[in-house]
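Here is the structure we will look at.
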There are 2 protein chains.
Amino acid sequence: MNSNANPQVRGGCARRGGARVSSVSVDTTAPGAYTIGECARRSGFSMDTLRYYERLGLIDDVARTPTGQRRFSDEHLEWLGVLKCLRDTGMPVEQMCRFADLARSGDHTIGERIALLEDHRVAVDERMADLVAKRDYLLGKIDYYRSVLP
Amino acid sequence: MNSNANPQVRGGCARRGGARVSSVSVDTTAPGAYTIGECARRSGFSMDTLRYYERLGLIDDVARTPTGQRRFSDEHLEWLGVLKCLRDTGMPVEQMCRFADLARSGDHTIGERIALLEDHRVAVDERMADLVAKRDYLLGKIDYYRSVLP
DNA sequence: GTTTGCGTTGGAGTTCACTCCAGGTCCTAC
DNA sequence: GTAGGACCTGGAGTGAACTCCAACGCAAAC
């Protein structure tokens, strides 16, 4: 169901990667033009979450068909991969928004973006270290229980 | 609970560091008899969380002074250490309750407790593996940004 | 060409795990 | 004996991150 493998996805919405196809139907196989359902399937976010993120400004420039349906591009999927990484490593949405803002603001924010990601990496490392310690404790507990099994 | 194993907790709570004084005051150094505030300080949970956990049945048999104040014991602190480990490794409260129930129900539940902890350990391992992968992705992102720094 | 289903919106509701509050009692120190 | 702090209760409130809903339009498939 890579979506609309058909002659007219309904207008284009063309989006960026847009194929350099000739005539009518454009983004059939072209990179991009994923419906929200397809995008959800591919990104691992739910459709609701995608809409929610768009409202928050975490996702930008989502194209629309003439009838108002969203069409996500491969760039979006890539960006969603970044968001997923950040979210799944525990970054709060608010900080993701800051990052998205920076990403939107041009190359002069790259330094800030690095700083933000570095800070986050440090936090992740700490969480991982803590997790390792707690996991060991857990193993100890399990071993103990094994040792007293009837 | 061993708690009030004394003539009168009253003066007590005196906390441990306290000298191993002779006469009267008993549970000065005695294991146990921590006020909720002290217990919070030592366990890393907030007082509210301790009360909340007690309501849920996650903490059991908390002794009370004649006027109704809680007195936690060293056993409680140890148990709270377990809860902290479980919580901080992401176990939902409901599952902790199941574990607490098992722990309350006698030795014949040890097998089940092991199973529960093992399941949780597996979940923790998966989360850790995911975290490692995401952290690497993050590092890649940071490196990329470094490479394009103006 | 109609049914089935995917997509739209704004806003309300949910879940989780606390956290706070009011209005009170109690305790320690000065 | 009184001020200030610690603690009590039941219940309400919070914040984060979604998730669901109704009422609708458009799409895809037969």
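Sequence lines set the chain letters: A, B, ... in the order given, protein chains first and strands last, and positions in each chain run from 1.
Sorted by residue number, the list of members of residues 118-130 of chain B with any non-hydrogen atom under 4.0 Å from DNA chain D is empty.
As a whole-Å value, the separation of B:E38 CD from D:dC7 C1' is 14 Å. B:Y52 places its OH atom 17 Å from the C1' atom of D:dT9, with the value rounded to the nearest Å. Atom CD of A:Q69 is separated from atom P of C:dG5 by 16 Å (rounded to the nearest Å). Atom CD1 in B:I59 sits about 13 Å away from atom C1' in C:dC18, given to the nearest Å. B:I36 has its CD1 atom 7 Å from the P atom of D:dC7, to the nearest Å. Between the NZ atom of B:K84 and the C1' atom of C:dA17 there is a distance of 14 Å, given to the nearest Å. Rounding to whole angstrom units, CG of residue B:D48 and P of D:dT14 are separated by 15 Å. Separating the CG atom of B:L50 from the P atom of C:dT19 is a distance of 11 Å, rounded to the nearest angstrom.
A donor-acceptor contact shorter than 3.5 Å links the side chain of B:H76 to the backbone of B:D60. In this structure, the side chain of B:R70 does not engage the main chain of B:T65 through any donor-acceptor pair within 3.5 Å. Between the side chain of A:T109 and the backbone N or O of A:S105 there is no donor-acceptor pair closer than 3.5 Å.
Relative to the axis of its first five pairs, the axis of the last five pairs of the helix from C:dG1-D:dC30 to C:dC30-D:dG1 sits at 20°, rounded to 10 degrees.
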Quick test: give all pairs of protein nitrogen or oxygen and nucleotides 1-3 of chain D nitrogen or oxygen below 3.5 Å, distance rounded to 0.1 Å.
none

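Between A:R98 and A:E94, none of the side-chain N atoms (NZ, or NE/NH1/NH2) sits under 4.0 Å from a carboxylate O, so this pair counts as no salt bridge. Of the charged side-chain nitrogens involved, at least one lies within less than 4.0 Å of a carboxylate oxygen, so that B:R121 and B:E118 count as a salt-bridged pair. By the 4.0 Å N-to-carboxylate-O rule, B:R127 lies too far from B:D130 to be salt-bridged with it.
In this structure, A:D143 places its CG atom where more than 12 heavy-atom neighbours from other residues, nucleotides or ligands lie under 6.0 Å away.
For the side chain to side chain contact (heavy atoms under 4.5 Å, CB included) with A:L58, the lone residue among A:L80, A:T49, A:L83 that qualifies is A:L83.
The distance from atom OG of B:S43 to atom CG of B:L77, rounded to the nearest 0.5 Å, is 6.5 Å. To the nearest 0.5 Å, the span separating OH on B:Y145 from CD on A:E112 amounts to 12.0 Å. Remark: B:S46 OG to B:Y53 OH distance equals 9.0 Å, nearest 0.5 Å.
A continuous path of hydrophobic side-chain contacts links A:V148 to B:F99 [ILVMFWY only; heavy atoms under 4.5 Å].
Within the 4.0 Å cut-off from OP1 or OP2 of C:dG7, at least one side-chain nitrogen or oxygen of A:T35 is found. Phosphate contact (OP1/OP2 of D:dT19, side-chain N/O of A:T49, threshold under 4.0 Å): present. Taking only side-chain nitrogens and oxygens, B:T67 comes nearer than 4.0 Å to OP1 or OP2 of C:dC27. Between A:R70 and C:dG7, a side-chain N or O to OP1/OP2 separation shorter than 4.0 Å is absent.
Projected onto DNA chain D by closest heavy-atom contact, B:R55 and B:R51 fall at different nucleotides, the more 5' of which corresponds to B:R51. Each of A:E54 and B:R87 has a nearest nucleotide on DNA chain C; the 5'-most of these lies closest to A:E54.
As judged by a 4.0 angstrom heavy-atom cut-off over every strand, B:F45 is placed among residues making no nucleic acid contact.
Of the candidates C:dT9, C:dC18, C:dG7, the closest approach to any side-chain atom of A:R64 belongs to C:dT9.
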